[in-house]
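These notes are about the structure you will find just below.
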Amino acid sequence: TESLFKLLHIFGSLVNRKLIAVELTDKMPILIVMLNKELDDAKDNFTKQEKRVRELGKALTDRNMPPVSGQLSFSQELRHKINISVQNFTEMEHVIKESEGAALIMAKHKELLDLLNSYEDEVYNRWAEAAEKKTAEGLNRPLLVRDAKAQTLQVNFGHETL
């Protein structure tokens, strides 16, 4: 859909010409269908990610990304993708924006944004609870320990704290 909106933007004022406007109006319901499918695909991706976290306890993220930031990055990328399409649709000057299909798109967009917000909050809250627990455990240990064999002092931080 993004390339379609780019094309409409390139057309600019040509869209206002009567003959082109008639042709374009006939094709606008296809745009609604494409946006609807894009939002459905985004929701499917989100549902798959959420299911994977629930079942395996681990999200599908980039190989070099920590789990929490990977989950948040996934959410932000998905949000950016759907926001661009819906923003392009709402900035368009056409009567199709007032249709029932457009209202459905806006409702799906809002629902998906709400799901993404709750997902991000859940990921953050789980991380905050785990960090608090790890920090409390780490603070109960002595800061320095003596290595009797090497006759040296070592910092007693756990690897999960570092």
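These values consider heavy atoms only, across backbone and side chains, with no hydrogens, waters or symmetry-generated copies. Starting from 1, each residue takes its place in the sequence as its number.
Distance check, rounded to the nearest 0.5 Å: OG of Ser85 to CG of Leu35 gives 6.0 Å. Summarising the geometry, atom NZ belonging to Lys51 is positioned 10.0 Å from atom OG1 belonging to Thr47; distances are rounded to the nearest 0.5 Å. Annotation: the span from Asp147 atom CG to Leu153 atom CG amounts to 9.5 Å, rounded to 0.5 Å. Note that CE of Met106 and NZ of Lys97 are 9.5 Å apart. Values are rounded to the nearest 0.5 Å. The CG atom of Leu72 sits 11.0 Å away from atom CG of Leu116, with the distance rounded to the nearest 0.5 Å. One distance of note links CD1 of Ile82 with CD of Glu38; it measures 9.0 Å at 0.5 Å rounding.
With a 4.5 Å cut-off on side-chain heavy atoms, Asn83 and Leu113 count as touching. Side chains of Leu31 and Met92 form a contact here, defined as non-hydrogen atoms less than 4.5 Å apart. Between Leu60 and Phe74 there is no side-chain heavy-atom pair separated by less than 4.5 Å. Counting only heavy atoms from C-beta outward, the side chains of Lys37 and Asp41 approach each other to under 4.5 Å.
Between Ser118 and Glu122, the side chains place no donor N or O within less than 3.5 Å of an acceptor N or O (distance only, hydrogens not considered).
Residue pairs that meet the ring-ring contact (aromatic ring centres under 6.0 Å, His included) test with at least one member in residues 121-149, sequence neighbours left out, are Tyr124-Trp127. Within the structure, salt bridge (charged side-chain N to carboxylate O under 4.0 Å, His left out) pairs that include any residue of residues 100-115 comprise Asp40-Lys108, Lys43-Glu111, Lys110-Asp114 (at least two apart or interchain).
Under the 4.5 Å side-chain heavy-atom criterion for ILVMFWY residues, no single connected hydrophobic cluster contains both Val123 and Leu56. Residues Ile84 and Phe89 do not share a hydrophobic cluster, defined by chaining ILVMFWY side chains whose heavy atoms lie under 4.5 Å apart.
The salt bridge (Lys or Arg N to Asp or Glu O under 4.0 Å) search around Glu120 returns Arg79, not counting sequence neighbours.
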_Pair Gln71-Ser75, side chain to side chain donor-acceptor pair (under 3.5 Å): steps then yes or no_ = CA-CA 6 Å; Gln71 287 177 296; Ser75 177; over 6 Å; no

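With salt bridges taken as basic N to acidic carboxylate O contacts below 4.0 Å, none links Lys48 and Asp44.
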